K.L.:
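Before we start, here is the structure in question, set down as structure tokens.
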Protein chains: 2
Amino acid sequence: MDKKKSLSIKEIAKLANVSVATVSRVINNNGRFSEETRIRVQKIIDQYGYRTNMAAKSLRMAKSKTVGIIVPNINNEWFSLLVLEIEKYFFEKNYSVFICNTSQTEAKEIAYFQSLDSKMVDGIMCISGSEELPTGIMTRDIPIVCIDRKPKNHHNVYYVESNHYSGGYLATEELIKKGCKRIAIVSRNKSLSVNQQRLEGYRQALKDYGLEAYDELQILLDVSSPNYDGTKHAVEKLVQSNIPFDGVFATNDWRAYGVVVALTENHIRVPQDVKVIGFDDIPISYACHPSLSTIHQNTKLLAQKASGLLLSLMNGENPVDNEKHYILPVELIQRDSTQI
Amino acid sequence: MDKKKSLSIKEIAKLANVSVATVSRVINNNGRFSEETRIRVQKIIDQYGYRTNMAAKSLRMAKSKTVGIIVPNINNEWFSLLVLEIEKYFFEKNYSVFICNTSQTEAKEIAYFQSLDSKMVDGIMCISGSEELPTGIMTRDIPIVCIDRKPKNHHNVYYVESNHYSGGYLATEELIKKGCKRIAIVSRNKSLSVNQQRLEGYRQALKDYGLEAYDELQILLDVSSPNYDGTKHAVEKLVQSNIPFDGVFATNDWRAYGVVVALTENHIRVPQDVKVIGFDDIPISYACHPSLSTIHQNTKLLAQKASGLLLSLMNGENPVDNEKHYILPVELIQRDSTQI
DNA sequence: ATGAAAGCGCTAACAC
DNA sequence: GTGTTAGCGCTTTCAT
């Protein structure tokens with residue numbers, strides 16, 4: 001095998017006839033060494049190779065250049081896009097990222113917090129999930145940044161999200177402006193703050209435009225119900241019940257697509273008979289037929305804002321504006337499913 | 001703050017009036033301590049809390065209970081499903097997983113190999129990508145398992161994949177059996193072994209059934225071309241060129257969906273006029289309209305096989321059958337896009 | 001500008 | 001069954 005064995009600092013020191021301290025200084029460019037020494041050490045390194053043993057460095061420095069991402073399920077385009085962007089950001093800064101899928105399981109989340117604590121991560125990014133954050137379990141006071149997850153007020157826990165209320169409002173308003181009078185919503189029953197806020201935006205829009213919020217048109221799916229299939233079945237039932245409706249706001253794009261298919265299969269035309277709008281703007285909303293109007297979240301910005309925040313917190317800086325909560329604007333995307 | 005500060009082994013030893021060695025033995029359940037001692041130590045731990053400092057443990061043991069996953073882009077349902085399953089598997093075994101997106105960039109891949117090496121991962125999983133594997137860069141001889149990536153013959157590098165040749169054959173055969181005579185293929189031009197094998201399956205099927213493999217019906221997209229849009233445009237061009245065809249094998253589901261939309265928008269009916277089949281069986285193939293026939297890869301099994309293999313290699317075991325290459329069967333899924 | 005030495009928290013070889 | 005001790009590779013304080 002052609003493995004370079006990689007020397008330790010001690011071995012380099014011996015070969016270069018300097019002390020380990022000096023080698024360490026050169027490697028980390030910490031000053032207090034002469035150019036001459038630098039060259040001598042560098043030559044040895046170039047010749048024999050050196051790779052930092054991060055275990056040792058972490059042990060000594062009590063930090064690891066590593067962060068953890070807690071996420072419900074990475075097999076979800078919206079989450080995986082966030083994770084992708086976060087990982088990109090931290091790769092640039094020389095951090096590695098632990099991926100931690102919780103499957104919405106509290107036990108797994110707790111286990112991961114412990115593991116991350118044990119592995120000395122310097123910070124944690126939490127995507128979605130409940131208000132409860134098992135920070136009490138941690139032995140070190142590392143910063144935590146939440147995305148789309150409203151944490152209880154904890155020390156060193158920050159929060160960035162899209163404006164879901166505004167998104168819910170815009171989506172509903174779009175349906176109203178396109179002439180819908182009886183607008184249904186398909187969302188989730190669990191009190192995830194995100195869905196809650198979208199629902200409130202929906203209600204407020206109806207109110208502002210003097211439309212009634214019919215209880216029987218507010219479909220709150222069970223947490224266990226899959227986005228697409230669950231919604232499809234729910235809408236099929238709604239159709240069979242003969243309760244009239246002419247617009248549907250689905251609180252994510254897979255749900256919206258479920259609505260479209262359910263309607264189409266029941267010979268209800270979208271958008272002629274019923275208009276539909278989704279949320280998130282994932283690729284399928286653009287690719288499907290008819291294409292889905294939706295609310296675009298600026299995922300990349302969200303990821304960058306959250307990552308930048310976490311990084312500065314890990315560096316011991318206070319966020320510029322000293323805010324613990326950041327809200328990013330969303331945008332209405334008009335496509336075929338809400339055409340007049 | 002309610003942070004338990006977590007004692008070190010040394011502190012526990014003092015409180016329990018035993019030596020650090022004994023505490024270590026109790027914690028790791030390594031035997032050579034009395035039940036009485038165990039209880040005494042455990043009591044202290046229960047009372048004050050203890051969290052292993054994995055940096056120290058890794059340093060000492062030269063292993064980290066950590067693996068890296070190298071993947072082109074996690075924002076791709078097929079990859080993210082693999083990653084999800086791999087992560088699940090290793091979570092059960094108390095391993096953490098570093099996520100490493102390469103964006104198909106060799107430089108990023110190399111940087112990640114170095115970083116993983118530095119962070120003392122015990123093994124690496126490589127998903128997709130080129131034959132080249134920068135193993136020369138590593139300073140330790142840790143096992144590597146590739147999924148859908150055919151590595152050059154390296155020591156300690158293993159390989160598991162679906163039977164892509166068979167998949168290509170089955171897909172093409174399905175079109176043939178449903179009456180197609182002029183069957184196009186849309187794939188990728190880069191010599192990714194996976195696509196290459198699917199293409200060969202296609203060619204062999206045509207041959208076996210005595211059909212011609214028209215060059216002008218073999219569309220090989222550029223690597224940079226996005227799956228959906230790229231395919232859509234390519235098929236639009238094909239339609240405009242007036243070259244006749246009655247079946248299309250797209251080598252992944254997003255491409256297949258691009259085919260369907262391009263045809264539909266050109267008033268060519270699927271499956272009546274042209275039949276279409278995809279590959280991978282991701283959710284969209286089931287959800288879209290008309291639903292897509294496709295080749296199902298047993299992703300979960302793939303992930304588990306690869307993970308189990310990596311785990312046993314990390315444990316220093318030789319794989320049972322001493323094979324370095326495993327091929328898993330695929331399955332034809334018949335849906336509407338190839339109906340007669 | 002450089003070196004000696006302590007010590008981060010842990011495991012394991014060795015002694016009893 | 002238990003304790004003593006060395007040492008994994010690194011950074012950093014304190015000398016000089």
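All figures in this text were calculated on a predicted structure; none of them were measured in a lab. In what follows, every heavy atom counts, from backbone to side chain, and hydrogens, waters and symmetry copies are set aside.
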K.L.:
Checking B:R51 now: which residues fulfil side-chain contact (heavy atoms from CB on, under 4.5 Å) with it, not counting sequence neighbours?
P.N.:
A:Q114, A:D117, A:S118, A:I137, A:T139, B:S6
K.L.:
Has B:S8 got a side-chain N or O lying under 4.0 Å from the OP1 or OP2 atom of C:dC8?
P.N.:
no
K.L.:
Closer than 4.0 angstrom, basic N to acidic O: yes or no for B:K108 and A:E87?
P.N.:
yes
K.L.:
Measure all distances between protein nitrogen or oxygen atoms and nitrogen or oxygen atoms of nucleotides 12-16 of chain C, and list the pairs falling under 3.5 Å.
P.N.:
unit_1: C:dA12; atom_1: O4'; unit_2: B:R60; atom_2: NH2; d: 3.4

K.L.:
Compute the angle between the rotation axes at the two ends of the helix from C:dA1-D:dT16 to C:dC16-D:dG1, each taken over five pairs, rounded to 10 degrees.
P.N.:
40°
K.L.:
Look at the side-chain N and O atoms of B:S58 and state whether any lies under 4.0 Å from the OP1 or OP2 oxygen of D:dC8.
P.N.:
no
K.L.:
Counting only pairs under 3.5 Å, give me each side-chain donor-acceptor contact of residues 24-32 of chain A, with atom names and distances, residues two or more places apart or in other chains.
P.N.:
unit_1: A:N28; atom_1: OD1; unit_2: A:K57; atom_2: NZ; d: 3.0
unit_1: A:N28; atom_1: ND2; unit_2: A:S24; atom_2: O; d: 2.9

K.L.:
For a quick check of understanding: with a heavy-atom distance under 4.0 Å over all strands, which category does B:I9 fall into, base, sugar-phosphate or nothing?
P.N.:
sugar-phosphate
K.L.:
Give the table of side-chain donor-acceptor pairs shorter than 3.5 Å for residues 89-101 of chain B, with sequence neighbours excluded, one pair per line with atom names and distance.
P.N.:
unit_1: B:S96; atom_1: OG; unit_2: A:S115; atom_2: OG; d: 3.3
unit_1: B:S96; atom_1: OG; unit_2: A:K119; atom_2: NZ; d: 2.7

K.L.:
Check side-chain contact (heavy atoms from CB on, under 4.5 Å) between A:A55 and all other residues, then give those that pass, not counting sequence neighbours.
P.N.:
A:N53, B:S58, B:L59, B:M120
K.L.:
So, OP1 or OP2 of D:dC8: does either fall under 4.0 Å of a side-chain N or O from A:N53?
P.N.:
no
K.L.:
Any side-chain N or O of A:K57 under 4.0 Å from OP1/OP2 of D:dT11?
P.N.:
yes
K.L.:
Could you give all pairs that pass the salt bridge (charged side-chain N to carboxylate O under 4.0 Å, His left out) test and reach residues 6-24 of chain B, with sequence neighbours left out?
P.N.:
none
K.L.:
Just jot down the ring pair (Phe, Tyr, Trp, His ring centres under 6.0 Å) partners of A:Y158, sequence neighbours excluded, or say none.
P.N.:
none
K.L.:
So what does B:T37 touch, heavy atoms closer than 4.0 Å: a base, only the sugar-phosphate, or nothing?
P.N.:
sugar-phosphate
K.L.:
Who pairs with A:F33 by ring pair (Phe, Tyr, Trp, His ring centres under 6.0 Å), at least two apart in sequence or on another chain?
P.N.:
none
